[in-house]
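Worksheet: the structure to be examined is printed underneath.
Atoms within a ligand are numbered from 1 in the order they appear, just like the ligands themselves.
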Amino acid sequence: MTFSGQMINAETKRLPFDAKHDGRFEGQHILSIGQFSLQDLVYIFDVAEEFRLMVRRVGALELLKGRILANLFYEPSTRTSSSFIAAMQRLGGTVIPINEVRYSSVSKGESLPDTIRTLESYADVIVLRHHETGSAALAAKYAHKPVINAGDGIGEHPTQALLDLYTILQERAKVSGLTITMLGDLKYGRTVHSLAKLLSLFDVKINYVSPEILRMPADLITHLDGKGIKQTQHTDLDAVLKETDILYVTRIQKERFSSETEYNSVKNSYVITPDTLAQAKPDMVLMHPLPRVGEISMEVDDDPRAAYFRQMEYGVYIRMALLALVLGKA
Ligand code: NCD
């Protein structure tokens, strides 16, 4: 399928397409998904698509030659961290990777603002993952270089939401009119918080399926209500499986629970198996931000509807686009 950012516009009634973009990404932070308009999405996805084709054709570019990314991760990461590194390197830039903050001065008690001030004197852009909600905004307050939020506690994960939406477009060529079901840990999962906000720009229906104690935060539901988004809540996937176009599965976020007993009471709540898919639409798209810890059986991996590995790859192109845009080079 040939992707075009214009697809978004064709699928939404909410905003007219404005082909002129004022380039206001240059030097900007990426902190919350709420900062993006539909025009921004069209622009980002068009740049990502261009990079996807270029990587396929030539492997790497020199667009960000001489530029340095500081990749600062206070929480574990495989995909987000390495895809930002891959993105920077594919664009010809280099990376200061700080994955193990315990080996950095953070373990000596250095504050986040001081660590940010340090890294920005060596790098041109900072990607930050941190366990506290609001940490990216705090870092941005002190930074003179762009800060990109790669996950702030249970808050947001905006670059993941962008790659999730890009995946939906790649897989289904539209967004509006779709029914999206989010399953699993909707309370602590930051990816679903950002994705639900992003989807509210479109004409979609969202179903939330979770254990009672892991429901989507009420303020987020109210926020989407205010935007006219139809939402339903369930504990049982069967209630909505048959109508679902996109099934977005998430991991129960063990590290966010205050008690092990509470985690154990919900840890195996849902498992997607070939039987689940047998009852789903033939063109349903099965997504997961990964890592999975048992909520999608490996037997499902070869089903063409399983999109989670493709979803990972799309993340590199989205992150290439974001790096190039904030550095004013797209
Ligand atoms: C997610 C995260 O860190 O929020 N992972 C990711 O970035 N792909 C999801 C998770 O940890 O469950």
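Closest heavy-atom approach to atom 1 (C) of ligand 1 among the candidates T78, L290, V293: L290.
The N/O atoms of T80, backbone and side chain alike, include one that comes under 3.5 Å of an N/O atom in ligand 1.
Set against the non-hydrogen atoms of T191, the atoms of ligand 1 under 4.0 Å away are 1 (C), 4 (O). Listed by atom number, the atoms of ligand 1 under 4.0 Å from Q160 heavy atoms are 6 (C), 7 (O), 8 (N). Of all the atoms in ligand 1, the ones that sit under 4.0 Å from a non-hydrogen atom of H157 are 2 (C), 4 (O), 6 (C), 7 (O).
Counting only heavy atoms from C-beta outward, the side chains of E243 and N207 approach each other to under 4.5 Å. Annotation: side chain of F36 is not in contact with side chain of L201 (no heavy-atom distance under 4.5 Å). Two residues are said to be in side-chain contact when any heavy atoms from C-beta on lie closer than 4.5 Å; P97 and F73 fail this criterion.
Distance from atom 3 (O) of ligand 1 to its nearest protein heavy atom, with residue and atom name: R190 NH2, 2.9 Å. In terms of protein heavy atoms, atom 11 (O) of ligand 1 is closest to R251 NH2, 2.9 Å. Of all protein heavy atoms, the one lying nearest to atom 8 (N) of ligand 1 is P289 O, 2.9 Å.
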D301 and R292: salt bridge (charged side-chain N to carboxylate O under 4.0 Å, His left out), yes or no, with the steps? CA-CA 12 Å; D301 293 354; R292 63 175 158 182; 2.8 Å; yes
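Under a 4.0 angstrom heavy-atom cut-off, E75 registers as lying outside contact with ligand 1. Using a 4.0 Å heavy-atom cutoff, M312 is absent from the residues neighbouring ligand 1.
Judged by distance alone, the side chains of Q39 and Y43 never bring a donor and an acceptor atom under 3.5 Å apart. Y142 and D114 form no side-chain donor-acceptor contact under 3.5 Å, judged by distance and modelled atom types alone.
Atom NZ of K329 has 12 or fewer neighbouring heavy atoms from other residues, nucleotides or ligands inside a 6.0 Å radius.
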